[in-house]
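All values reported here derive from a predicted model rather than from experimental measurement.
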Amino acid sequence: MVDSPNQNGRRVGIEISSAALNAVVIGENDAIISTHSVPVIDADTIALQLIRLIEGVKQEFGGFDQVGIAVPGLVDRTTCRVAFSANIPRHSEVDIANEVKATTGLAVFIENDANAAAFAEYRLGAGRGSRDMFYATLGEGVGGAFIFDGEIWRGASGFAGEFGYVPINSEGTRLEDVASSANIIRRTRGRFHTDSTSSLNKVSEEAITLTDIISAAGNDDDFAQMMLERTGMYVGTAVASVINLLNIEKIVVGGEIMEAKQLVLDAIVERAQELSFSPSFESTSIVEGELGVNAAAAGAALISGLAG
């Protein structure tokens, strides 16, 4: 199904992260037909970099009328600008949509990255067939989004779903303080010297990445597995709040940390079960996202099609 056809029936979405611009082209049958990724050179010139990527996609696939852009921040629906971005503060000072529109002539639609990824998983991925869904993304930041009756639920002022701000203990520690990629790395660096058997000791403390931790865990490194399982427990604590409050039908977990797959997912499910009202937990399905790194860009493409 095509929501609102571009030329050739294709829709284009681009996700902005601090490291890369990821573009997805969706065809008439809602299949992802192409992906493109280029590194971000400078946050101050993000509009120019978007324009260059769009022109490259046009050269390969022909013209299109609109583009969706997924951003890691809160979007002001009245101005179509980034109102706040913890990871890329510079974006709140740039009118990304209008700068891209002025040069390309395209209709440009801006959406929060978690909302976009949620919508893509709901339409194309792990959320297919569900009526109501919560999506959690665990990566550079921790975000969330709700889908009710097939629509993104934005809240009173458009900022619903700030999953990273959910407190996970009595001291007021927020989920993002322990479950974002930077904070998983911080926690790991602070403790890996206590386990001399960990393969992570072969990597300099400053050089450890989330990929290193996930790789070590996949190679049966007990310490790395423990750090990821604890992360899953923190996430499960916050997920239990969603289950208890909303009795949601499906919870989809995506983002970089889900490269660890069942190791993290099992910990999330176990902890959520411990803290949830049993009848609500039993009617909730907690699953891994299916679209991986393409989720937010694919969602932006779909949303632009609906809006256009």
Residue pair Glu140 / Ser17, side-chain donor-acceptor N/O under 3.5 Å:
no

Is a donor on one side and an acceptor on the other found under 3.5 Å between the side chain of Glu229 and the backbone of Ala267?
no

Consider only side-chain heavy atoms of I, L, V, M, F, W and Y, link residues closer than 4.5 Å, and tell whether Ile185 and Val203 are in one cluster.
yes

Can you tell which of Ile69, Thr103, Val67 makes a side-chain contact (heavy atoms from CB on, under 4.5 Å) with Ile54?
Val67

Show your working on side chain to side chain contact (heavy atoms under 4.5 Å, CB included) between Leu246 and Phe134 and close with a plain yes or no.
CA-CA 10 Å; Leu246 296 173; Phe134 175 69; over 6 Å; no

Ile152 versus Glu111: any side-chain heavy-atom pair under 4.5 Å?
yes

Is any side-chain heavy atom of Ile268 closer than 4.5 Å to one of Ile251?
no

Heavy-atom pair of closest approach, residues Asn201 and Asp195:
ND2-O, 2.7 Å

Show, in sequence, the C-alpha distance, side-chain angles and deciding distance for Glu249 and Met133, and conclude whether the side chain to side chain contact (heavy atoms under 4.5 Å, CB included) test is met.
CA-CA 6 Å; Glu249 179 182 355; Met133 187 190 95; over 6 Å; no

Please report the interatomic distance OG(Ser198) to CG(Asp221), rounded to the nearest 0.5 Å.
3.5 Å

For the residue pair Thr173 and Asn169, confirm or rule out a side-chain donor-acceptor distance under 3.5 Å.
yes

Looking at Arg11 and Asp30, is there a salt bridge between them, counting it only when a charged N and a carboxylate O are closer than 4.0 Å?
yes

Least distance between heavy atoms, Ala297 atom then Asn22 atom:
CB-O, 3.4 Å

With the side chain counted from C-beta on, respond yes when Arg131 and Asp149 share a heavy-atom pair under 4.5 Å apart, and no when they do not.
yes

State, to 0.1 Å, how close Ala117 and Tyr135 come at their nearest heavy-atom pair, and which atoms those are.
CB-CE2, 3.5 Å

Beyond-backbone contact of Phe64 with Val25, side-chain heavy atoms, under 4.5 angstrom
no

Heavy-atom check, side chain of Leu124 versus side chain of Leu291, under 4.5 Å
yes

Any heavy-atom pair between the side chains of Met227 and Ile184 that's under 4.5 Å?
no

Taking Thr231 for the side chain and Ala179 for the main chain, is one N or O donor matched with an acceptor at less than 3.5 Å?
no

So among Leu228, Thr188, Thr197, which one has a side-chain contact (heavy atoms from CB on, under 4.5 Å) with Phe223?
Thr188

With side chain to side chain contact (heavy atoms under 4.5 Å, CB included) as the criterion, how do Leu50 and Glu99 come out once you've worked through the C-alpha distance, each side chain's angles and the decisive distance to 0.1 Å?
CA-CA 10 Å; Leu50 283 166; Glu99 289 194 28; over 6 Å; no

Checking Gln49 against Thr45: is there a side-chain donor and acceptor pair closer than 3.5 Å?
yes

Sequence neighbours left out, what pairs pass side-chain hydrogen bond (donor to acceptor under 3.5 Å, both in side chains) with at least one residue falling in residues 233-246?
Thr237-Arg271

Check: Lys250 and Tyr122 side chains under 4.5 Å, non-hydrogen atoms
no

Side chain to side chain contact (heavy atoms under 4.5 Å, CB included) for Asn247 and Phe277? Distances and angles first, verdict last.
CA-CA 9 Å; Asn247 187 206; Phe277 178 54; over 6 Å; no

Do Ile96 and Arg81 touch side chain to side chain, with heavy atoms closer than 4.5 Å?
no

